[in-house]
Each structure stands twice: as structure tokens, then as C-alpha cells.
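For reference, the structure is listed below as C-alpha cells.
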Amino acid sequence: MWSAFWQQWRGLDSPGQFRKQYTMLDQKALRQDPETIATALEWRGHVFDAGAYAGLEARRRELQSRTEALQHERNERSRAIGEAKRRGEDIEPLKAQVGELGEALKNAEAELQAVQARLRDIQLGLPNLPHDSVPPGADESDNVEIRRWGEQPAFEFRPRDHVELGERLDGLDFDAGARLSGSRFVVMRGQIARLHRALAQFMLDVHVEAHGYTEAYVPYLVNEGALIGTGQLPKFAEDLFATEHAEQTLHLIPTAEVPLTNLAAGQILEADALPRGYVCHSPCFRSEAGSYGRDTRGMIRQHQFDKVELVQLTRPDDSYAALERLTGHAEAVLQRLELPYRVVTLCAGDMGFAAAKTYDLEVWLPGQDTYREISSCSNTEAFQARRMQARWRNPDTGRPEPLHTLNGSALAVGRCLVAVLENNQQADGRVAVPSVLRPYMGGREWLEPV
RNA sequence: GGAGAGGUGGCAGAGUGGUCGAAUGCGGCGGACUUGAAAUCCGUUGAGCCCAAAGGGCUCCGGGGGUUCGAAUCCCUCCCUCUCCGCCA
């Protein structure tokens, strides 16, 4: 897998360069204070053997010094041969001397490479460090609700869930999805398909026109380099759908965050180019390995779903303010749709691999009588930026430094459709079209049972 | 898919075995000249890593491998781009 990956990653390639690349945590910190890092990682439930790492790191340092000394000697001697040759002297004795050097150098280089590969593997497997403001905890139950918005609708009847509503509206067909592709696929038709499209269009327009994001259209198949950059690989390959094409592996994107964030890969952006924001509507493909039996009913958890994704690139000192803004942009969509929701700060143990801090937006679903995740907004700080070499030129130092990347769903279109159906249902089975969506629905105010 | 050409620093573009991290031009930055600007002239201008106090060293000319004392330069292979033909939305 690795050789193919390196080949695919252009510009981020040489042995000299990959030393610093594809690490998520700061190399210097890892080197200088692995114990502290181990403690911080423990906090989010990851075991890191600091002692073993420090040992490997010491070995690397020794090997690198030795290798570079040998390279230096080779360069010197080769240069001397060149000069002797130009002067017309006999170079055979000189050549014999260097011959022995070659073997030692070859061995040193091979050893160094092996150690570097091991270090890289460890580094790539380490999750991000939680930010100081992240609450401790092991799982979902330790997440902290920080605010609620909107009123949960009071029904004078037993509210139906979206599966039932979708059936009565003749627009959600899970059987057809299963016949075509298998479980966790759905076919939408008619007024529901249109509502789905309206939601995506509406969200795009809000983010472009009101929030200033740049709209993007991206590939839905990406190479392994991109997935390493954002942190899906090497650890979470089983969550992805893979394709083989022309002897290279491409994966279906699990989120537009992957292509969008990787737009900055290998780049050095000028300070005045930040912050930069992208919005993209795309399908997302997830194998949902390990979630057997969970959310099997309805379209809460599908192999394929649409999402409008926000990505921001910021200066490091601005990323936490940007996280608040970005979360607000996602909330704005729910507010305009008049859907009740709450905001939750994920605890250290519940955060995704790349995140330093995450807010989840959970929308009220009457059919389930609970709040369900509809958006996840994260600051990954420099984690992804280091892996993909996304940098900015810091005017204070004049040097290229990793920038910060953020991402958030705004929103998951399928789950949003579910929320609209369930929250806006009437006793007679009709569903009110939120007023902001009516222009996208040909002025239509109601979805009517067929 | 077939035939051909090519991938070099922010861009353009030289370099076909040795002192090349790389000519030259443009762009950028600093300075001179100018009331200011333009023009002109001078200087400067890639990234990463190692040891480190200064300083020294290593790596990178699409990726990987090979030949060689020595590779941007030769060989193999993969990827990408362009032109023509075919096909197609």
C-alpha cells in the first residue's frame, strides 16, 4: 500500500522530505517530550508507548548522523576523483578507496530508512491531542450539552417516523434501494426527491451568499495520499469503499472534507490568503463496518448520503474563533429551517481521530423522541495540515508553517430531510415545507400523502 | 484505447556524466536615481532535515528502482501533462 501511496503523492516525495511529513503531532514535541504526549493521548483513550518511541527516535538520530557523514565522505571523494580526472591523473587508486565506502553507506541508508518507516507508521497512527477546553470522558455519555435552540413540536397524535411518512408520501423506497444495491441504500422519488434537492441547494446558497464560502465541486474518488492527509488512512481503511482502476486504488470519499481540505496539500499560502472557506455538496460513501444492527431502520445510517460540507483554512491563532463561526454557520441552517437542535461538545474519548475539538449539532427527531447528530464541526488544528504539508507563510517568522484546518457538516442532507419530515408532519400525514425551502420547491407549501 | 512529445526553482526556460540547488529572463523583496511614479541600475529571492553557539553537513530537478567513484543528465518502471486519431457525457 505504501509504495503506491508515495507514488501518488506528487511533490511530497523524497526521503529527505518525508521525514517531517505525514506526522500528525508535532515532531519536535514528540521527540522532546513523549511522556507528556502519551499522557494527553491517554486522555482520549489511546495508548502510546513513549519509551519505545524515544528509543526508536534515538536510533534514528544516530543512524541519520552516521548516514550523512558517510554521504559527505562519498561526495568529497567523488569530487576529488573528478578533479584528478580533469588534471589527467590516474584515478584508479582513488576509485578503489571509495568502493568500500559504498557498501557501508548502502547499509546505513537501508537501516535508516527502516527506522524512519517504523517511526512514520507510529506517527500516522496517533490521534490528535484534545484541546484544553475539551471535556474529559470515555464515550458519548460524557459529552457536554452547551445550548439548545428551538421548541420541540408538541403533537396531539403519535408522531410518525420518517420511514412511515416517506411511505405515505410515496417518496422513500428502502425496498428499491435494497433490490438495487443492498441494505443501507434508499431510493427517493417525487416530492421527497425534490425536497432533498431543495435542501442541498438551499444550504449551498446560504453558505455562499450569507457566509462567504467559495463553492466547490470535487472528485468523489480520491487517492490514498488524500485520505492519509485528512486522517482516514492508514487506520480506517475498513470504513471506506475502494475501487481498483489502472492498477491504482481509489476510494469513494466518506465526506467532501477529504478533497476539500486536500486542496491545500503541498501548498504554501500567503498570510493574506487566509482564512479561506470552501463549501461543497457531495455524496458521501461509508461502509459502516462495525455498525451492524445500529440504525438499521430508515435513512439515518446509509452507505451513501449527501452532505453539504464546510472547510476552512486559517491561521493557527484564529482557528478556535473560526470553529465558533463555522459551528454558527451550520446552526444557521437549522435555524432558518426552524428545526430544534442542541449543541454538544464532544468529550475527549468520543472525538474523531483528527479532531482537537468537536461540536456536534443534534437535531430533534420526534419519530425517535431524541436528538440525533446532524452535523459535526471540528478544529483539527495542524493535525491534517502536517500530514498533507498544508502551510502558510508566517509573516512573523518569514517561514512556512502548518496552517490550521477545520471542517463541519452544514448539514447532512439525508438526516436533515428526516428532521423536516418528522418535525413538520401533520395529523393527516401532510408535511409542511419550511418557508425558506418553498422557492426551491416551486412555491409548494405542503407535501401531500398520495 | 492507438501514435507522438514532454515533466527542471513562484512562472518561463537552459542544462545530456563531475566544482549544478542548478544559466538566463519574468515575477517578488531591498536599495540607488526621482517631488512621486514609470523606466533604468545594483543587490537579493526554493523546501525539508541533522549536529549545533557561531557555523558545518545531508536530501530534493514528477514517483520508485538500477548503472556509476560520481546522475537533473544514462537504463528500467510507474504516474502525470500536451498534440493527433478513435470513443464518449
Side-chain angles (χ1 to χ4, degrees), chain A residues 1-23 26-32 56-106 108-117 119-120 123 217 219-226 228 244-250 264-273 382 385-395 397-403:
Chain A
M1 165 181 167
W2 288 110
S3 61
F5 159 61
W6 294 117
Q7 279 180 37
Q8 283 167 19
W9 196 300
R10 303 180 50 182
L12 301 175
D13 26 62
S14 67
Q17 286 181 319
F18 76 54
R19 232 169 260 152
K20 175 120 188 187
Q21 248 142 46
Y22 305 118
T23 65
D26 182 50
Q27 280 256 7
K28 291 206 171 74
L30 264 175
R31 197 175 298 158
Q32 285 161 6
L56 257 185
E57 174 57 28
R59 178 101 180 104
R60 189 225 90 229
R61 182 181 305 217
E62 179 198 325
L63 280 168
Q64 183 166 341
S65 290
R66 200 204 306 163
T67 303
E68 291 186 357
L70 287 168
Q71 286 171 331
H72 177 59
E73 199 175 337
R74 177 206 57 199
N75 292 346
E76 289 295 309
R77 295 202 187 184
S78 293
R79 190 167 308 157
I81 290 177
E83 283 166 14
K85 196 176 172 188
R86 190 165 327 98
R87 288 194 300 266
E89 296 169 8
D90 179 19
I91 60 172
E92 286 310 316
L94 289 171
K95 279 170 79 166
Q97 279 177 21
V98 202
E100 300 151 23
L101 226 169
E103 194 64 21
L105 179 56
K106 219 172 175 179
E109 281 175 340
E111 267 187 272
L112 175 60
Q113 260 190 22
V115 170
Q116 282 177 332
L119 282 168
R120 200 177 60 239
Q123 289 159 0
Y217 172 87
Y220 302 150
L221 288 163
V222 295
N223 62 35
E224 289 171 320
I228 290 194
E244 288 296 330
H245 172 71
E247 292 177 36
Q248 74 171 357
T249 303
L250 294 174
Q267 304 267 306
I268 301 174
L269 300 175
E270 294 306 323
D272 60 14
R386 283 200 201 92
R387 294 168 81 102
M388 66 176 69
Q389 287 289 94
R391 293 169 294 173
W392 71 303
R393 196 173 294 281
N394 183 345
T397 63
R399 306 199 57 78
E401 296 170 11
L403 45 78

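Worth saying up front: this structure is predicted, and the values here are computed from it rather than measured.
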Below 3.5 Å, can you tabulate the donor-acceptor pairs from side chains in residues 77-85 of chain A to any protein atom, sequence neighbours excluded?
| residue | atom | partner | partner atom | Å |
| --- | --- | --- | --- | --- |
| A/R77 | NH2 | A/E73 | OE2 | 2.7 |
| A/S78 | OG | A/R74 | O | 3.0 |

ask   = From A/Q267 CD over to A/Q389 CD, what is the distance, rounded to the nearest 0.5 angstrom?
value = 12.0 Å

request  = Scan A/I81 against the nucleic acid and name what it touches under 4.0 Å (heavy atoms): base, sugar-phosphate only, or nothing.
outcome  = base

ask   = Paired with B/rG25: which nucleotide, if any, by Watson-Crick or G-U wobble criteria at under 3.5 Å for both distances?
value = B/rC11

query = When the C1' atoms of B/rC61 and B/rA14 are considered, how many whole Å apart are they?
reply = 13 Å

message = Rounding to an integer number of Å, can you tell me how far A/E270 CD sits from B/rU45 C1'?
response = 13 Å

task = Indicate whether OP1 or OP2 belonging to B/rC50 is found under 4.0 Å from a side-chain N or O atom of A/R61.
result = no

ask   = When you compare B/rA53 with B/rC69, how far apart are their P atoms, in angstrom units rounded to a whole number?
value = 39 Å

ask   = Taking atom P in both B/rG86 and B/rA72, what distance in whole Å separates the two?
value = 42 Å

ask   = Atom CG of A/L101 and atom C1' of B/rC58: how far apart are they, to the nearest Å?
value = 15 Å

task = Take A/P400 and A/E76, find for each the nucleotide of RNA chain B with the closest heavy atom, and name the residue whose nucleotide sits nearer the 5' end.
result = A/P400

query = For the pair made of CZ in A/R391 and P in B/rA47, what is the distance, rounded to whole Å?
reply = 8 Å

key: Any A/N75 side-chain N or O less than 4.0 Å from OP1/OP2 of B/rC58   = yes

query = When the distance from CZ of A/R31 to P of B/rA52 is rounded to whole Å, what number comes out?
reply = 11 Å

message = Using the C1' atom as the point on both nucleotides, what is the distance between B/rC74 and B/rU68, in whole Å?
response = 10 Å

message = Taking only the C1' atom of each, what is the distance from B/rU8 to B/rU16 in whole angstrom?
response = 13 Å

inquiry  = Give me the distance, rounded to whole Å, that separates B/rG21 from B/rU35 when you measure between the C1' atoms they each carry.
reply    = 44 Å

ask   = Nearest to the side chain of A/E68, which nucleotide is it out of B/rU59, B/rC69, B/rC58?
value = B/rC58

query = Can you name the one residue among A/R66, A/Q64, A/H72 that meets side chain to side chain donor-acceptor pair (under 3.5 Å) with A/E68?
reply = A/Q64

inquiry  = Hydrogens and angles aside, do A/E109 and A/Q113 bring a side-chain donor and acceptor to less than 3.5 Å of each other?
reply    = no

remark   = The nucleotide from B/rU59, B/rC49, B/rC51 with an atom nearest the side chain of A/Q64 is B/rC49

A/R59/A/E62 ion pair, N-O < 4.0 Å = yes

note = What one should report as the nearest heavy-atom pair of A/L403 and A/R391 is CD2-O, 3.6 Å

request  = Measure the distance from CG on A/L269 to P on B/rA47 and round it to the nearest whole Å.
outcome  = 14 Å

task = Considering only atom P, compute the distance from B/rC60 to B/rG4 and round it to an integer number of Å.
result = 32 Å

task = Answer yes or no: does a side-chain N or O of A/R79 lie under 4.0 Å from OP1 or OP2 of B/rC69?
result = no

query = Any side-chain N or O of A/R399 under 4.0 Å from OP1/OP2 of B/rG48?
reply = yes

Under 3.5 Å on both distances, the Watson-Crick or G-U partner of B/rG1 = B/rC85

task = Could you tell me which nucleotide pairs with B/rA54 by Watson-Crick or G-U wobble geometry, both distances under 3.5 Å, or answer none if nothing does?
result = none

ask   = Using atom P of each nucleotide, how far apart are B/rU59 and B/rA71 to the nearest Å?
value = 9 Å

ask   = Counting just side-chain N and O atoms, does A/H72 come under 4.0 Å of either OP1 or OP2 of B/rG57?
value = no

request  = May I ask which nucleotide in the shown strands pairs with B/rU40, Watson-Crick or G-U wobble, both distances under 3.5 Å?
outcome  = B/rA32

Whole-Å distance separating the CD1 atom of A/I268 from the C1' atom of B/rG48 = 10 Å

inquiry  = Under a 3.5 Å cut-off for both contacts, is B/rU67 paired Watson-Crick or G-U wobble with anything, and if yes, with which nucleotide?
reply    = none

task = Mind calculating the distance between CD (A/Q71) and P (B/rC51) to the nearest angstrom?
result = 15 Å

query = Please give, in whole Å, the distance from B/rG28 P to A/R393 CZ?
reply = 15 Å

ask   = Is a side-chain N or O of A/R60 found less than 3.5 angstrom from the main chain of A/Q116, in a donor-acceptor match?
value = no

task = Would you kindly compare A/K95 and A/E73 by the position of their nearest RNA chain B nucleotide and give the one closer to the 5′ end?
result = A/E73

note = For B/rG6, the nucleotide meeting Watson-Crick or G-U wobble distances (both under 3.5 Å) is B/rC80

task = Look through every strand shown and name the nucleotide pairing with B/rC20 as Watson-Crick or G-U wobble, where both distances are under 3.5 Å.
result = none

